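Down below is the structure, laid out as structure tokens.
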There are 2 protein chains.
Amino acid sequence: MTTDNGGRPRAGRNRSRNRKNRVTVKDVAERAGVGTMTVSRALRSPDSVSAKLRERIEMAVADLGYVPNRLAGGLASSRTRTVPVIIPSLSNAVFPDIVEGISSVLQRHDLQILLGNTQYSLADEEALVSTFLSWSPDGVIITGLEHTERTRRMLAAADIPVVEIVEWGEAPIDMNVGLSHVAAGRTMGEYLIGQGYRRIAFVGPQMDRDVRAAKRLAGLRAALAAAGQEGGPALSLDRPSAVRAGGDAISQLLGEAPDIDAVFFANDDMAVGGLLECQRRGIAVPGTLAIAGFNGLEFSGEVMPRLTTILTPRHEIGRRAAEMLVTRLAGQPVAATRVDVGFTLLRRESA
Amino acid sequence: MTTDNGGRPRAGRNRSRNRKNRVTVKDVAERAGVGTMTVSRALRSPDSVSAKLRERIEMAVADLGYVPNRLAGGLASSRTRTVPVIIPSLSNAVFPDIVEGISSVLQRHDLQILLGNTQYSLADEEALVSTFLSWSPDGVIITGLEHTERTRRMLAAADIPVVEIVEWGEAPIDMNVGLSHVAAGRTMGEYLIGQGYRRIAFVGPQMDRDVRAAKRLAGLRAALAAAGQEGGPALSLDRPSAVRAGGDAISQLLGEAPDIDAVFFANDDMAVGGLLECQRRGIAVPGTLAIAGFNGLEFSGEVMPRLTTILTPRHEIGRRAAEMLVTRLAGQPVAATRVDVGFTLLRRESA
DNA sequence: GGCCTTGACGGTAGCGCTACCAGCGGAAGG
DNA sequence: CCTTCCGCTGGTAGCGCTACCGTCAAGGCC
């Protein structure tokens, strides 16, 4: 047992005891009566070792319970089978879906995820990239196309596959999978205008930091401009996206701009919050006020009326990003290095 | 630039070029006119180096853009500032909250998270633990108290702080933060019985794998038994928890056991799905059918009627687990190594 | 049958860092 | 003024693994 309930301060120093008993390649090599290199090869590329030795080595590994030390391997080869995944937040339901998609591919290829959370801060992102690179990762998956100059430089200099995800656009550092949030915002704007709404408000979370929410707003404004319309107010909340935030936003909007006839929320959780707030207040949706969301989270299709929203293929973004990375790592060419996964307007009842 | 758009297969082999240019402690030492050890010390424990040298070294580091190689450092010291976090799934909204809590503490202490996803499989968990340990992590955070014997052995032998989270119980490997899911299930059962419900059904996701959902059911059954009642059917779905799954479960239950008067869902997302399905079908909640959930996800309080549920302090679990780990790593004793964070029954309108 | 190719195998030299310990100079004490 | 002690500093020896290349045996060829 490693604990003694009282919580003895098990020093972080001096793990030598731990080491003394450690099984190394050398032990395996001796046991199998071969050289260390043969053991190393047998484990990494079994085909390059004769069947007989391979078998002996496998037995020795099993007998001794040998687990290779990845630090040593990584140091020697600068390949670590490690992929940092850098996202702005986990509380926004969008990112777990993406990470799940990434994870489904990477785990199959024996690649470990290092998770980093930037809190939508480019400075934090830069710090994360720096430490992650000190792990000699085999590749990097990072959210968005906007980074500090130093972040871009470090990633480019690392000479490993880099996939920028979620947003699709020009001049990625290396590879890119995502969608145009401006186009998505415009599509929703055009749809709402086409439905006859005129005073369309927008609600986004912390838009000074969440660039993609801001782009959706830009798209909406483009659509309004093209239609020669003015639209309604745009609200940038000072807290992360959440159901409750959407409800509060509705209350605020109704106070400030009671003439609005539609609200486009930058995220479904807020939109559903808005929808439910309307129900509580007895406001007819979409009769009095139309509500639209973004992302196509599962429960947006379960509320009544169902939420009109834009479905983003989050799992696919993660999966494809990971696949591109894996392909590159296998030394194969990646057919398309800039992938626009698009989006789908879900016309439902709320707008 | 590292890309050439066509996707040239950048070989995984031969990163020597990369290496050649790498700035090492030696370069910094030369530049600052000191020995490598002094550089190493200046970076890890600045106080043990004279102010003059420290300053010179800091300048050299900045000038050269030195970033220490963590693999080499880890190999030499067997300390890596790395903490694997092992959870069953990211798609269950519960776990992102926990990871967020962990992350908020660990990032502050310059500890990296290695994320592992077991898909509720103990065999996958064992494989994950094995690879993670080969990284010489400084500690481990792992979900649940049930593991394979080998998993437990490996973790105990690693001689690092281990925190088992989410579930609270006897004989943890090392430290433990969570709550009793049996007690929580019983509490909800007692409440429902107290409210006069008699035919109480239960719906859980993949209960052969999700041990904690099964324990909530066990708690409910204990409450029913104590009250001398029989309850209703228990449904174990064959897919992960989701809103849609809850709606389908309601449909199935109404077909199979139309006399039920309450449904206790093992998760809020399913419960909300059930609630919304009832609304679509015009079934009065709680009049005809009461609905209860579990976890206290945010939107459970926004639907109408609001969902009666059990609030679990997910962020707190993550935060405290990380804090215990950090305390141990600092060589300080942890006051309580087994922490029951408890739960709160949220009596609302749906049951 | 001798020579050269081919492929499996192993020795050795690092990868970049830190633990260990020795050295050295200055402060304190006799 | 010399000794003792202490704290800063740096040389050296690994940490455990893999890249590189040399060795050696087997097989193919003329």
Side-chain angles (χ1 to χ4, degrees), chain A residues 11-30 32-57 61 64 66-82 133-136 138, chain B residues 11-30 32-57 61 64 66-82 133-136 138:
Chain A
R13 319 286 114 193
N14 193 352
R15 299 233 183 118
S16 31
R17 187 169 60 79
N18 188 11
R19 271 190 189 165
K20 238 186 331 201
N21 305 328
R22 173 144 205 142
V23 181
T24 72
V25 257
K26 213 170 161 184
D27 300 317
V28 177
E30 273 169 22
V34 299
T36 59
M37 261 323 290
T38 309
V39 174
S40 177
R41 268 194 220 99
L43 295 175
R44 260 173 317 114
S45 45
D47 295 337
S48 62
V49 173
S50 69
K52 204 179 103 189
L53 286 193
R54 195 190 320 142
E55 198 177 317
R56 286 224 312 263
I57 290 168
V61 166
L64 299 170
Y66 171 64
V67 178
N69 181 328
R70 302 233 176 185
L71 291 170
L75 180 59
S77 67
S78 27
R79 263 170 289 112
T80 55
R81 306 215 62 78
T82 267
L133 288 181
S134 71
W135 281 101
S136 306
D138 284 9
Chain B
R13 320 287 112 192
N14 193 353
R15 300 235 182 115
S16 32
R17 187 169 60 80
N18 188 11
R19 273 187 188 164
K20 238 186 333 198
N21 305 329
R22 174 144 203 142
V23 181
T24 72
V25 255
K26 212 169 161 185
D27 301 318
V28 177
E30 275 170 21
V34 297
T36 59
M37 261 323 290
T38 309
V39 174
S40 176
R41 269 195 220 98
L43 295 174
R44 263 174 316 115
S45 45
D47 295 338
S48 61
V49 173
S50 69
K52 203 180 105 191
L53 287 192
R54 194 190 321 142
E55 197 177 319
R56 285 225 312 265
I57 290 168
V61 166
L64 299 170
Y66 171 65
V67 178
N69 181 328
R70 302 233 176 185
L71 291 171
L75 181 60
S77 68
S78 22
R79 263 170 289 112
T80 56
R81 308 216 61 79
T82 267
L133 288 181
S134 71
W135 282 100
S136 306
D138 284 9

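Keep in mind that this is a model prediction, so the values were computed, not measured. The chains referred to below are lettered A, B, ... by the order of the sequence lines, with proteins before strands, and numbering in each begins at 1.
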Could you tell me whether the phosphate oxygens of C:dC17, OP1 or OP2, come under 4.0 Å of any side-chain nitrogen or oxygen in B:Ser77? no
Please confirm whether the shortest side-chain N or O distance from B:Arg44 to OP1 or OP2 of C:dT18 is below 4.0 Å. yes
Using whole Å, what does the distance between atom [atom2] of nucleotide [N] and atom [atom1] of [X] come to?
| X | N | atom1 | atom2 | answer |
| --- | --- | --- | --- | --- |
| B:Arg22 | C:dG14 | CZ | P | 19 Å |
| B:Asn69 | C:dT18 | CG | P | 10 Å |
| B:Glu30 | C:dC17 | CD | P | 13 Å |
| A:Arg41 | C:dG11 | CZ | C1' | 11 Å |
| B:Lys26 | D:dT12 | NZ | P | 11 Å |
| B:Leu75 | C:dG14 | CG | P | 17 Å |
| B:Leu71 | D:dT18 | CG | P | 13 Å |
| A:Arg79 | C:dC15 | CZ | P | 16 Å |

Are there any protein N/O atoms within less than 3.5 Å of an N/O atom in nucleotides 24-26 of chain D, and if so, which ones and at what distance?
none

What parts of residues 50-57 of chain B reach DNA chain D, counting only heavy atoms under 4.0 Å away? B:Ser50, B:Leu53
Minimal non-hydrogen separation, [X] against [Y], with atom names:
| X | Y | value |
| --- | --- | --- |
| A:Tyr66 | A:Leu43 | CE2-CD1, 3.6 Å |
| B:Ala42 | B:Ile57 | CB-CD1, 3.7 Å |
| B:Ala29 | B:Val39 | CA-CG2, 3.6 Å |
| A:Pro68 | B:Ser134 | O-CB, 3.1 Å |

Between [options], spot the one nearest the side chain of [X], thanks.
| X | options | answer |
| --- | --- | --- |
| B:Met37 | C:dG10, D:dG11, D:dG16 | D:dG11 |
| A:Thr36 | C:dG10, C:dC17, D:dT18 | D:dT18 |
| B:Thr38 | D:dG10, D:dC15, D:dT18 | D:dG10 |

Test: side chain to side chain donor-acceptor pair (under 3.5 Å). Region: residues 47-56 of chain A. Which pairs qualify, not counting sequence neighbours? A:Ser45-A:Ser48
Rounded to 10°, tell me the angle between the two end axes of the helix from C:dG1-D:dC30 to C:dG30-D:dC1, each built from five pairs. 40°
Hey, which sits more toward the 5' end of DNA chain D by its nearest nucleotide, B:Ala72 or B:Gly33? B:Gly33
Between atom [atom1] of [X] and atom [atom2] of [Y], what is the distance when rounded to the nearest 0.5 Å?
| X | Y | atom1 | atom2 | answer |
| --- | --- | --- | --- | --- |
| A:Leu53 | A:Arg41 | CG | CZ | 10.5 Å |
| B:Leu71 | B:Thr80 | CG | OG1 | 10.0 Å |
| B:Trp135 | B:Thr82 | CH2 | OG1 | 8.0 Å |

Assess whether one donor atom and one acceptor atom, taken from the side chain of B:Arg70 and the base of C:dG16, lie less than 3.5 Å apart. no
Test side-chain contact (heavy atoms from CB on, under 4.5 Å) applied to B:Thr24 - qualifying residues, sequence neighbours left out: B:Arg22, B:Lys26, B:Asp27
Among residues at least two apart in sequence or on other chains, which ones pass side chain to side chain donor-acceptor pair (under 3.5 Å) with B:Ser40? B:Arg44
Partner residues of A:Thr36 under the side chain to side chain donor-acceptor pair (under 3.5 Å) criterion, sequence neighbours left out: none
Any heavy-atom pair between the side chains of B:Val23 and B:Val67 that's under 4.5 Å? no
